[in-house]
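Here the structure comes first, spelled out in C-alpha cells, and everything after it is commentary.
Residue numbering restarts at 1 for every chain, and letters A, B, ... go by the order of the sequence lines.
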Number of protein chains: 2
Amino acid sequence: MTTLKELAKLLNISVSTVSKALNDSHEISATTKRRVNELAEKLNYKPNRIAQQLKSNTTKTIGVILPTVTNPFFAEVLHGIETNATKNKYDIIVCLSDESLTKEQRSLELLSNGSVDGFIIAVARESQVLEQTAHINTVINNKIPVLMFDRVVNEITCDKVVVDDFQSVFEATEYLIKTEQRKHILLVSNIEELSVGKLRIKGYQKSIEDANLKSNVLKLSKVDDVEKHIYNYLQDNPETDAIVSIDHITGIIAINMAKKTGKNIPKDISVIGFGYEHTQLLSSPKISIVHQKAYEIGEMSVKLLIDNLKSEDHKVKTIVVPSELKLGESTK
Amino acid sequence: MTTLKELAKLLNISVSTVSKALNDSHEISATTKRRVNELAEKLNYKPNRIAQQLKSNTTKTIGVILPTVTNPFFAEVLHGIETNATKNKYDIIVCLSDESLTKEQRSLELLSNGSVDGFIIAVARESQVLEQTAHINTVINNKIPVLMFDRVVNEITCDKVVVDDFQSVFEATEYLIKTEQRKHILLVSNIEELSVGKLRIKGYQKSIEDANLKSNVLKLSKVDDVEKHIYNYLQDNPETDAIVSIDHITGIIAINMAKKTGKNIPKDISVIGFGYEHTQLLSSPKISIVHQKAYEIGEMSVKLLIDNLKSEDHKVKTIVVPSELKLGESTK
DNA sequence: TTGTAAGCGTTATCAA
DNA sequence: TTGATAACGCTTACAA
C-alpha cells in the first residue's frame, strides 16, 4: 500500500505538504496540489484507515451485538443498521451472542479496547432470563455509548429503541374482537420467556379482559412437537375462532394445523401472526401479520447512537417504533 | 482509557518495561511483572487495539460482503463465519451489497485501505448478471486475499467455497424418479438467473434426460403472483406427480398450492425444496429439503481465508460442501 | 533486568 | 507556501 512517505519521496517534498495537499488545505499552492493528486491517483493511494483512527482516537465503527441473525427480525434490523451506518460513513463490526450470556460478555469486553466508538445491542436470551447485565453497565461506565434495542434492560440507563409490543398485540386482539366479533381467541407463542414476549402476552390479556373473554395462552418455547401441540389444542377446543401468534413461526403452523382440523380460514378461524418481509408468502391463505418495522428499528438505532457520539450534550431517549397491522387473507 | 504511559508513570518505570511485563517477557523480573499486572488489573488496562494494528500492520479483521442477510442461507453462512472468526480471534466487518454492483464496489473500495486483512464475499446478483467483476480483481491485485463463496465468478482465481448445486438437485430429482417412480416432475425456481440457479436447473435436467422424461421448468423470479402461477400450472397439468424447488420459498408455496388443487401430499405429489434450519417447520406436511450446509460453508470460508492469511505458500483451492437430502413428510 | 529510541502512517502545530 | 517535528499507543531492537 502506498503511503504519504512514498509520495513525498517521489515528489521531493515533505510528508506534511503531501498530507495537506491531499486534504485540500488552503495553505498549499494549486500546482503542488495538482502534482500530488495526480501521483496519488496514479499509485492508487488511500490514506491508511488505522493510522487515521489512531491519530484521531475515533474509529468510525459501531459494534453490533445480536443474539442471532437467523431470526428474520434481527436479520432485518441488521439490514437497517448496515444501510444507515454506511450512509453515515460508519463501519459495523458484528458479533453474535448466540443467546449466550458468556459470549455477549466476551464480545463487549473484546471490543472495548478502542475497536469501536459505540455499541448497538439486543441482549441475549440468557442474559435477560438470568438478569445478568452488569457487563453492559461496565461499558457505559467506560464512557462508550451504548444503544439497546428490542430486548432492553429497564434497569440500565441508555438510549433505547423498542417496539410497541404491548400495544400492537393489544390492537391485533382488539381487531379480532371488535371488527370480527371473535370470542374464543387463542394466543400461541414460542418466546414467552423474553421481555418482549411477556409484553405481548400482556397486550393480549388486557384486550381479552376488556371484552370479558377468556384468556387462552399456549406456551410453546419448550415444546418439542409444536405442530401436534397446536393441533391437539384445536381438536380439544373446537370453539376456537381466532388465533394470535406473537412470533414469526407459530402463526404459520397454526394456519396449517387449523386447516388440518378441517377449519376454513378465515371463515371459521382468523389468524394474526408476527412477521416480516417474506412471512406472508409462506402460508396459504397469506397470513395477516403484525409487521414489526425491523428495518426502521435498525435505522433509528444508528441515528440515535451517532447523535450520541457526535453531540456533546446528548440526552438519553427511548424511541418506540410502532408496528403496523398488515392484513393478509387469514382474517375476514 | 488507560495507556501504557499512564501505568509507567504511576509505577515510575519505563513504558517498554510495562509493555514487556504485560506480555510476560522473560526479560522482566517477577516482582515488576507482579506490580505491573496488579496495577493494570486495577485500572482495567486494555491494550489499544488500533495502536497494535498500526504497529503490526495487521488488523485481525475480515471484511464480509454479502448480497443480503434476510435470505436465511446468507444469514446462516454469516453465523458460521462469525463463530469461526471469533474462535480464531478475528473480528468481522459486515457490508451488505443489497444485490447491487455499485454498493459492492464501494464496500470493497472503502475497506481496501488497511481496514481488513482479507475478504469473504458472495457476489451481488447484479454483478453476476452484468458480469462485472473487475473490482474484485483489483482487490486481489492489491495483495489482499479474497475468498468467494456460493455465488462465485469462474474467471477469477481465488479460494472458493461452493455448494454442490448440480449434484444435489440431480440426486433429488433422481430420488423422485428412481425411488418414488415419479414421471411428471416440475421444477420451480425464483433464482433462475443466478449462477447457482442455473447449475441446479442443469442438475434437474440431466436427471430428467437420463430417465427420458419431460423437463418442465417454471421460472418465477420475475413473476408477481407466484402462488397463482403455480396454482394455474398445477390445474393445467394435473398429471404432475412431483415438484422440485431450488430455493427456500417456492417449495413451500408449491405444497400449499398443490393442496389447494385437492392433491394429497405426498400421495399424489411429492415435493422437495431447498432449505435451512427452520424451513421444515413452515409447511404441512413438513417439506423434504435439500439442506445446504450454510453454517459449514461459513466455517470453511473462514478457515480457508485464515490459512491464506497466515501461510506463505498458500495455494488456491476450491472446496465443495456437499448438501444433504433431508426427507420430511412431503415425500413418500 | 531496565531504559532509550525508533517506527507504524497519519495529522497538526509551529517555524522557516 | 512549505517543512520540521511531535504526537496518537504500542512493540522491539539495542543500549545501559
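We find that A/R49 and A/D91 are joined by a salt bridge, their nearest charged nitrogen and carboxylate oxygen being less than 4.0 Å apart. Ion pairing of B/R151 with B/E99 is present here, as a side-chain N (NZ or NE/NH1/NH2) and a carboxylate O approach within less than 4.0 Å. Taking 4.0 Å as the cut-off between side-chain N and carboxylate O, A/K317 and A/D159 do not count as a salt-bridged pair.
First and last contacts of DNA chain C with chain A, using any nucleotide atom under 4.0 Å from a protein heavy atom and ordered 5' to 3', fall at C/dC8 to C/dC14.
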Per-nucleotide protein contact string for nucleotides 4-9 of chain D, where B marks a base within reach and S marks sugar-phosphate only (heavy atoms under 4.0 Å, - for neither): B--BBB
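Looking at A/S100 and A/S97, their side chains never bring a donor and an acceptor atom within 3.5 Å of each other. Side chains of A/D117 and A/T58: a donor-acceptor N/O pair is absent below 3.5 angstrom, by distance only.
For the pair A/I13 CD1 and D/dG3 C1', the interatomic distance rounds to 10 Å; values are reported in whole Å. In this structure, the CG atom of A/L11 is 12 Å from the P atom of D/dT2, given to the nearest Å.
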Hey, mind stepping through A/K42 and A/E38 against salt bridge (Lys or Arg N to Asp or Glu O under 4.0 Å) and telling me if it holds? CA-CA 6 Å; A/K42 193 174 145 206; A/E38 272 171 10; over 6 Å; no
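Scanning both residues, A/V94 and B/E82, for their nearest heavy atoms gives O-CG, 3.8 Å.
We find the OG-CG distance between B/S16 and B/L4 to be 9.5 Å, quoted to the nearest 0.5 Å.
Put simply, the side chain of B/F149 reaches to within 4.5 Å of the side chain of B/I120, judged on heavy atoms.
Distance alone, capped at 3.5 Å, places no donor-acceptor pair between the B/N84 side chain and the B/G80 backbone.
Each end of the helix from C/dT1-D/dA16 to C/dA16-D/dT1 gets its own axis, taken as the rotation carrying the C1' atoms of four end pairs onto the next four within a five-pair window, and the two axes meet at 60° to the nearest 10 degrees.
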